[in-house]
Amino acid sequence: MKPRTLFLHSIFFSLIFLASLSVWGGDKYRVLVVMSYEQDNPWCQEIRDGIESALGSVSDITYVYLDTKADFKGGQKKADAAYELYSTLQPDGVIAADDNAQSMFVVPYLKDKVSTPVMFCGVNSEADKYGYPAHNVSGSLERGHIRESIAFLRQLKDDINRICFLVRKSPSGGALRQQVEQEKSSYLAEVSGFFQVQNTSEFADLAPRLESQCDAIYLDSLEGIIDDKGVSLSHKEVCRSLEMVYSGLFIGANKYHVDQGALSAVVKTGQEQGEAAGALLLKALQGTPVSNIAVTRNYRGKRFINVTTMKKLGIKVRPIVLRSASFVTTEK
Amino acid sequence: MSSHRRSTGQVTQSHLGRKLLLLLSLNISILLLLAVFIFSSFRHVQAVSKDVADAHMNDLVINSRVSYKLTDIFSRIELLSRVFWMQDEYLVAEAEIIEDRLLHLKTDAVSHDLNDSISELTKRFNSFVGTLHHINQVISEMHDLDSTANSKLDQLEDVISNRLIESAVEGGDTQYTDQLLALTISYRESLLLVGKQHAEYKFNYLHTAAEVKLEGKQIIADIDDLVLRLQTITASDPLVATYGRSIEGLILGYRDAVVEMDNAILELNRILVDLNKTKQNLLGQIEALQSRAATEAERLTASIGTLIQTSGYYVSIGVFVAIFIIAVLTIVLIRRNINNPLNQLIQGIDNLGRNHGATITLGRNDEWETIAIALNKMQVELNSFYQKIRESEAKHRLLIENQSDLVIEVDSNGGILFASPSFCKIFGMNDVELLGRNLLLQVHKEDRAATEEVIGGLQREPFHCNIEHRAITKYGWRWFSWNYRAVLDEDGHVVSIVGMGRDVTSKKNIATELQRQRMFLRTVIDAVTDPILVIDRNYSIRMSNVAARKEYGVGENSDQIELRGLCHQVTHGSDLPCESDEHPCPLRAVLETGELCHATHEHVTSDGVRVFELAASPLLNEQGEIDGVVHVSRDVTEKLTAEKKIRFLAHHDALTKLPNRVLLQDRFDQASSYADRANHKVAVLYLDLDHFKHTNDTLGHQIGDELLQAVVNRILANIRETNTLSRQGGDEFIILMPHIEGRDAVEMVAKHILDIMNEPLWVSGHELTITISLGISIYPDDGSDFHTLLSLADDAMYSAKKAGKNTYCFYSKDDVCDR
C-alpha cells in the first residue's frame, strides 16, 4: 500500500473511529484540555483533578501538554499539534491551563475564530493581556495568596519583617511581580527584594543578598530554571539547589512547594482552578452564552505547614495557629 | 364673844405672827444675799465662757462642718472612682450633687487658703468627671464593637458550617472548609479571651483605683495576634473574605478603644492622685485650724476652772454660815412658840375626854389660846348635839315599833341584826330569837336562791333592790314584797342591809286569778277560726286572735306575735281609715249607730287581696260607753269565686268559653229590641264544621277539642266585637250579628269566614284544613223569635251542606240554597 494510500486510509479509519466514539459516547461532551506544562507536573495534576471533578462524569476529556517549563520554545509546535487535534476532534469545548497555553494556543487559533467555548485557568497575567474575555473565551484567573501567606508566616514566626521574592524569569514570574507591586502595601512584611533568575548559577551570587536583606523568601514559578548543564529543573530540584547556598527559611505558593521544603503557605490549588474552569465550561455547554460568563479568579487558600522544616528551624508554634492548618513532611 | 375673838386675833398678829414674819424676813434676806452673791459669780463665769464661745466655738463648728462636708464629698468621689462603669445619668446627677456641695463648702470656708484649696479641688473634680465620661464613652464603644464583631462571627460561622455540610454531601473540598471552620473558631476563642482579659483589666482597675497597673499591653498583643490571624481568612471566596475584613476592621477599632481606654485610665489615675493630694492638703489645713482653736479653748478652759474654783470656795462658806444662823433661829422659835403650847393643848383635850364639862386654859396670848377657846366652844356644841340625837332616836324607834310594814336589818350574810315588832309578830318570834338568825331560813326554798343573789348584789351599785318571795310565818307561807337598801360607811363599804317589807299575799292571789281568767278568754277567742280584732276608738288594734294573726301577720311565726298598729294599716295596708261606700269603716258605723254592723271588705293579706265579710260589735267600758269594737271577719274569697264560676258556666260553653244558648238568647232579645227601635235587622248565622266527625274519629277527641278551639279563635279574630259567637254543641256554632241594615253585610261576613278557614290550622303538630257550611236567617224578615230564627238558620245550613259544603246559604222558603 502506498504511503499516500496508507495516509488516506489512516485518515478514513480515524474519522470512522472518532465517529464511532461519538456514537458510543452517547450524549457526553467532547472536551479538549490544553495544559501549559508537562504531564507529571504536580500543578498540572492538580488542575486535572479539578477538571475531572467538574466534567468527568459528563464528558470525554482529551488532554494535551505543551511542556513549556522544560521546553518553552517547543511549546508552540505542540500548540500547533493541539490545534490539529482540535480540528479533528471538533470538541464541544476547550480548557486552556496557565499562561503559555493562552499565548500559544488559544489566542492564535481559537479566540474569536471559532464558536467553540474556551475556558482558561491558571492565568497569572491580567486577562486583557490576551484580549480576554472574548466572545467565545472566559475563565478563571490565578492569583497567589501572597499577603495571606506572609501573614501566616508571621503567625509562625513573628520576627519576620522583611520578605523577598524569588521567581523564574518568565511570563508567570513577571505576572507575579506585577501582583506584588500592586499589593505590597498591604503585606505585613516589607518587600525587600524581588529576584528573577534563569539558572541555578545565579543562586550563589544572590545568596549573600538573600541572607542579609531577607528574613524569609517567597518562592514561586521556579520550575524550568536550568542548571549548569542546561538541564531544566523541577521545583524540587531548584529547592535543593537553593538550599545549598541559602540556609534561611522560605515559603511557597502551592502545596507542592510546601511538600518540597517550604515552611508554610496559604496555597492556591490547581484543583480549585481546574474545577472552576470545568464548571464554567459545563455552563457554556449547557447553553449559557460565553459572553454572559464573567471572568473569575481563585479564592480558596489552604494553610499548610511543613513540620519537617519547622522542626529543623526550631520554630515553636502556638496551638491556636496549628489548629487551623494542615501538616505535611518534606518529600524524600 | 366676838369682841374677845377680835382682841385675841390682834394679840396673835402682834406676837406669834410678828415672830414668824421676822424669822421669814431674816431667812429671805440671807437667801437673797446668797443668791446675789452666787448670781454675780455665775455672771462672771458666764461672761468668760461667752468670750470663749464667741472667740473660738464658731471656728470649731465651721471647721467641723467643712471637715464633715469634705469627708462626704471625698466619699462620693471615692465611690465614683470605684464604680467603674456607671450610667451617664447617674454620673451627671452625682457630679451635680458634688459640685453643689463644693460650692456650699466654699461659702463655709473661713480662711483664704482653705478657699483656694477648695477651688483647686473643684477644678480637679471637674477633670475627674470629664475623664469618667470619656471612659464611659470608650467602654460603650468597645461594647458595641465587641457585640458587632461577635455578631459578624456568628454569621461567618453559619456560612462556613453550611458550606462544610454541602462539601461533605457533594464530595467537595472538605479539607479547605475544615480549615476555615477551625480558623473561625480560633477567632471566636481569641475574641472571648480578649473580652475576658479586658473584663479582668476593668476589674483590676476597679479594685486598685489609685494604684492601677496597666495591663492593656497584653490585651493589645492578643488583639494584634487575632488581627494577624484574620489576615489569612481573606484567602477565601468574596463572602467569607468580606466577613473577615469586616471583623478585622471591628477588632482594629476595638484595639484603638483599648489604647484610648488605657490612656483615659492613666489620666484618671493621675487625677485621682491629684485629688488625693488636694484632700490631704485640705484636711491638713482644717486640722491646723482645729488645733489652733483647741489650744486657745484649752487655755480659756483653764482660766474658767480657776475662776469657778475660787467662786465656789466663797459661795460654800457663805452658804454654810447662812444655813447655821437660820437653823439656830428656827429651833429657838419652834420650841418657844410650837412645842410648849402644843403639849399644853394635848393635855387639855385629854381632860375634856374625861370630863365633858371641863375647859382648856393655856394662859397665852397667841394662836394657841385661840385654838383652846375654839375647842372649848366645840365641846359645848357637841354636848347639845348629842342630846338632840338621843331624842331623835327615841322618836324613830317609836315609829318603827308602831308601823305595820316590816323592817329588818341584816348583815351581808343574811344574819338578822334588827327586826321590827311587826316582823316579830308575823313570824311569831321575839327579837332575841330572831337576832343572829339567818333570814334565808325563813324564805321558801324555791325563792331562796333568787333572794340570796339579790342580797349578794347589794354589795355593789346601785345598792338597793326589790324582790318578792315567800316566807314561812306563823300563818303559813305568805308572799312578801321587799325593798332592800345597803347601809354604807364613809369609805363606801356595806356595813349592813336594811329591808322594808310588806305582806302582798292577797294581792298575789288576785293577780293569779286575773291571769287565769285572761288565759281562759284568750284560749276561747284563739279557738275561733275567724279572725277577731279588738279595735279602740283610735283605730289601734288592742288584741287579736291566732286566726287574725295568721291572716294579717307578717314573717315566720306570725301567729305567735300580737298584731300592733292601726287596723286599716294592718288589714288594708292603707295609711288612712276606710271611708268609701265600697269599703265602709265598721268602727265608724258602730260608733255612729251603737249597733252591730256588717260589711264586705277586700283585705291585703300575705296571700294577696282576699274578700272578707265583717261583723263589728260595740266594746263597752265600765261606764257603758263604746270604747271600741270587736271586729270579726271571715274570708269568703273562695266562696265568691265559686259563685262567679257557677254563674259563668250557666251562660257559657265549658270547652270554648263561648256564650251558650241561654246567653245567646238574652243577647238576641236585646238586639231585636234595639233593631225594632232603630229599624235595623239582626242576622243569625248557623255554622257547622264539615267532616269534623271524621277528624274526631281518626285523631281522637283531644285533637277534636283542640281543633274546635282553634276554629273559634280564628273566627273570633275575624268578626266584630259586637257580634256574638256561641257554641250550640258538637261542631255547631251560631254567630249573632246585631245592627245590620241588609243581607250584603251578612254575606260579606259569611264569605270572609269561609275564606279564613281555607288556611290550614296547626293543632298539636297536625296540619288540618277544615271547611264550614253556613246557614243564615234574618230578623225580622225570616222570623220574629229566637227559636224560629235558629231553626231556619239550621235549615239553611243543611241547604249549604247539600250544595256541596264549604259554602253559605240564606234561608229560603223553597228549601233551596239562596245565595
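Only a predicted model underlies this, so the values are computations on that prediction, with no experimental measurement involved. Lettering follows sequence order; numbering is per chain, from 1. Values reported hereafter were calculated over all heavy atoms of this structure, with side chains retained and with hydrogens, waters and symmetry mates removed.
The shortest distance between side-chain heavy atoms of D225(B) and R154(A) does not fall below 4.5 Å. Between Q271(A) and D173(B), every side-chain heavy-atom pair lies at or beyond the 4.5 Å cut-off.
Between the CG atom in D237(B) and the CG atom in N298(A) there is a gap of 11.5 Å [rounded to 0.5 Å]. I320(A) CD1 to L193(B) CG: the interatomic distance, rounded to the nearest 0.5 Å, is 7.5 Å. Expressed to the nearest 0.5 Å, how far CG of L239(B) lies from OH of Y299(A) amounts to 11.0 Å. Here the CD-CG distance, from E148(A) to L230(B), works out to 11.5 Å after rounding to the nearest 0.5 Å.
At a 4.5 Å heavy-atom cutoff, the contact between R318(A) and chain B is made by side-chain atoms alone. For chain A, no part of D178(B) is nearby; none of its heavy atoms comes within less than 4.5 Å. Looking at R323(A), both its backbone and its side chain come within 4.5 Å of chain B, counting heavy atoms on both sides. The contact between L180(B) and chain A is made by backbone and side chain atoms together, counting heavy-atom distances below 4.5 Å. Residue contact with chain B, scored on non-hydrogen atoms closer than 4.5 Å, involves the side chain of L188(A) exclusively.
Nearest heavy atoms, S324(A) versus A182(B): CA-CB, 3.7 Å. Of all heavy-atom pairs between A151(A) and Q231(B), the closest is CB-CB, 3.2 Å.
For a heavy-atom cut-off of 4.5 Å, chain A lies close to no residue in residues 144-161 of chain B.
Of the listed residues (S326(A), A325(A), S186(A)), the greatest number of heavy-atom pairs within a distance under 4.5 Å of chain B belongs to S326(A).
Side-chain N or O atoms of R303(A) include one that pairs as donor or acceptor with a backbone N or O of T232(B) at under 3.5 Å. At least one donor-acceptor pair under 3.5 Å links the side chain of Q155(A) to the backbone N or O of L228(B).
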